[in-house]
Amino acid sequence: MKLAVIEGDGIGKEVISSAVKVLDALSLPIEKVPLEVGLRKWEKCGVAITDEDMETIKECDCILFGAVTTPPDPDYKSVLLTIRKELDMYANIRPIKPLAGITGITGRNDFDFVIVRENTEGMYSGIEELHDDVSYTTRVITRKGSKRIAEYACKLAKTRKNNLTIVHKSNVLKSDKLFLDVCRDTARYQDIDYKDMLVDSMAYSLICSPQKYDVIVTTNLFGDILSDMSAALVGSLGLVPSANIGEKHAFFEPVHGSAPDIAMKGIANPIAAVLSLKMMLEWHDDTEEAKIVEDAVNHVLTQKIRTPDINGSARTKDIEYALVDYVRKQLA
Ligand code: ATP
């Protein structure tokens with residue numbers, strides 16, 4: 001397998017460096033292709049990702065990605081949107097599951113759900129018109145886009161509790177009526193237990209009763225917001241991984257961004273990046289290795305080796321060394 005490794009900006013560099021050390025400890029036949037994209041490239045070359053970078057990425061099977069800083073410049077073309085669109089990675093998968101000994105803001109650890117976010121359209125269509133006194137963003141919902149994300153979510157639900165929640169705002173956003181109808185039809189056809197929720201009620205319900213949910217399917221912006229919010233249930237943005245899946249390629253990244261406030265301080269939590277690596281291993285059917293990585297994370301947390309975002313005093317490197325040590329011992 002050929003893996004593009006993009007550290008990106010800010011803490012992306014620190015957390016991906018740790019995830020790669022864990023990957024190396026597994027000694028799998030994976031060819032790593034390092035690529036520099038993001039803010040630094042934009043400052044140097046005027047673009048954050050070049051056509052050559054995209055060609056290299058397309059030659060790889062998948063990508064392990066840290067985070068990029070997006071400057072507030074209207075001419076800046078988002079790296080993430082470019083990659084997701086060019087490779088048509090339509091499904092963004094964000095598992096929300098408690099980790100050993102860590103409880104988030106609600107103090108509960110009885111939940112285990114997955115947010116399946118449509119990744120190519122909705123509010124992130126990229127169709128925008130900016131004027132001095134008015135600006136427009138076109139929210140795009142298509143039958144094709146809705147159907148393939150609904151099918152992905154239903155397939156996933158079948159491997160879990162066969163339960164799907166469709167999240168929308170069709171009472172106000174008429175474009176969501178199409179999304180809702182297609183998701184309902186798909187769930188009905190595939191014999192999945194389903195219900196639907198308005199996104200505002202869903203935000204409240206996820207905080208009050210997260211244990212009620214299994215697979216949640218929603219549009220792009222709602223999925224983005226609900227999954228960051230759900231990271232607070234787990235305990236930190238530094239603990240939540242994600243995958244972007246397409247027909248041919250896949251792209252794995254922590255849910256958090258580049259966190260410039262803590263960059264270069266050596267205290268970023270690498271666990272979200274390491275769990276993103278675990279998702280990559282699962283995607284590639286390296287299930288045994290994926291299990292070792294997950295066990296390593298839970299072992300390290302149980303040992304109370306924790307970064308400051310989860311009330312510890314360990315540094316990024318301390319977590320990395322402990323994870324690598326655990327993996328090596330399992331394989332010895
Ligand atoms: P960006 O503009 O790239 O999205 P951001 O700082 O606005 O960056 P995030 O990177 O998602 O957004 O982070 C929000 C806050 O959460 C950060 O300021 C940081 O304090 C904390 N945080 C995020 N990721 C981690 C992590 N891996 N370890 C520790 N703290 C984190």
Side-chain angles (χ1 to χ4, degrees), residues 6-22 36-43 48-49 64-74 76-84 92 94-97 99 102-105 115 117 119 123-124 220-221 223-244 251-279 293 296-297 300-301 304-323:
I6 301 178
E7 294 182 340
D9 305 308
I11 63 167
K13 292 193 177 308
E14 298 158 61
V15 298
I16 291 301
S17 160
S18 292
V20 167
K21 296 283 182 353
V22 175
E36 194 204 333
V37 309
L39 185 61
R40 259 204 336 192
K41 185 146 205 170
W42 183 69
E43 284 164 352
I49 181 163
L64 185 61
F65 187 93
V68 286
T69 305
T70 304
D73 181 321
Y76 181 93
K77 201 171 157 208
S78 163
V79 168
L80 278 177
L81 293 192
T82 305
I83 298 178
R84 282 178 188 160
N92 185 267
R94 299 183 170 194
I96 308 291
K97 191 176 159 181
L99 292 167
I102 308 284
T103 44
I105 44 157
I115 299 179
R117 161 187 168 197
N119 219 14
M123 282 297 269
Y124 297 175
N220 210 336
L221 178 62
D224 195 8
I225 296 170
L226 289 181
S227 47
D228 268 31
M229 187 198 78
S230 301
L233 291 168
V234 181
S236 166
L237 268 175
L239 296 173
V240 186
S242 79
N244 299 273
F251 166 4
F252 302 87
E253 56 168 339
V255 164
H256 64 73
S258 62
D261 56 329
I262 57 163
M264 308 283 286
K265 292 190 178 157
I267 55 165
N269 191 337
I271 286 178
V274 171
L275 289 175
S276 303
L277 167 70
K278 180 215 136 195
M279 291 182 83
V293 171
V297 165
V300 165
L301 291 172
K304 300 216 172 354
I305 309 170
R306 298 174 184 176
T307 40
D309 56 309
I310 44 174
N311 300 322
S313 56
R315 303 182 62 76
T316 313
K317 285 285 168 198
D318 298 327
I319 314 286
E320 175 190 311
Y321 297 150
L323 289 168

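As the structure lists them, so they are numbered: ligands from 1, and atoms in each ligand from 1. Since the model is a prediction, treat every value here as computed from it, not as a measurement.
Scanning all heavy atoms of the two residues, the minimum distance from Ile102 to Val234 falls at CG2-O, 3.4 Å. Closest approach of Arg117 to Arg94, counting heavy atoms only: NH1-NH2, 3.1 Å.
A heavy-atom distance below 4.5 Å is not found between the side chains of Asn269 and Thr316. Side-chain atoms of Arg306 and Leu301, non-hydrogen and from C-beta on, do get closer than 4.5 Å to each other.
The one candidate from Leu39, Val79, Thr70, Val37 that meets the side-chain contact (heavy atoms from CB on, under 4.5 Å) condition with Asp9 is Leu39.
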For ligand 1, output the ligand-protein N/O contacts shorter than 3.5 angstrom; if there are none, return none.
{"unit_1": "ligand 1", "atom_1": "3 (O)", "unit_2": "Ser258", "atom_2": "N", "d": "2.7"}
{"unit_1": "ligand 1", "atom_1": "3 (O)", "unit_2": "Ser258", "atom_2": "OG", "d": "2.7"}
{"unit_1": "ligand 1", "atom_1": "8 (O)", "unit_2": "Ala259", "atom_2": "N", "d": "3.4"}
{"unit_1": "ligand 1", "atom_1": "10 (O)", "unit_2": "Gly257", "atom_2": "N", "d": "3.0"}
{"unit_1": "ligand 1", "atom_1": "10 (O)", "unit_2": "Gly257", "atom_2": "O", "d": "3.2"}
{"unit_1": "ligand 1", "atom_1": "10 (O)", "unit_2": "Ser258", "atom_2": "N", "d": "3.4"}
{"unit_1": "ligand 1", "atom_1": "10 (O)", "unit_2": "Ala259", "atom_2": "N", "d": "2.9"}
{"unit_1": "ligand 1", "atom_1": "11 (O)", "unit_2": "Gly257", "atom_2": "N", "d": "2.8"}
{"unit_1": "ligand 1", "atom_1": "18 (O)", "unit_2": "Asp261", "atom_2": "OD1", "d": "2.8"}
{"unit_1": "ligand 1", "atom_1": "18 (O)", "unit_2": "Asp261", "atom_2": "OD2", "d": "2.7"}
{"unit_1": "ligand 1", "atom_1": "20 (O)", "unit_2": "Asp261", "atom_2": "OD2", "d": "3.0"}
{"unit_1": "ligand 1", "atom_1": "27 (N)", "unit_2": "His256", "atom_2": "NE2", "d": "3.4"}
{"unit_1": "ligand 1", "atom_1": "27 (N)", "unit_2": "Asn269", "atom_2": "O", "d": "3.0"}
{"unit_1": "ligand 1", "atom_1": "28 (N)", "unit_2": "Asn269", "atom_2": "N", "d": "2.9"}

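We find that Glu320 and Lys317 are joined by a salt bridge, their nearest charged nitrogen and carboxylate oxygen being less than 4.0 Å apart.
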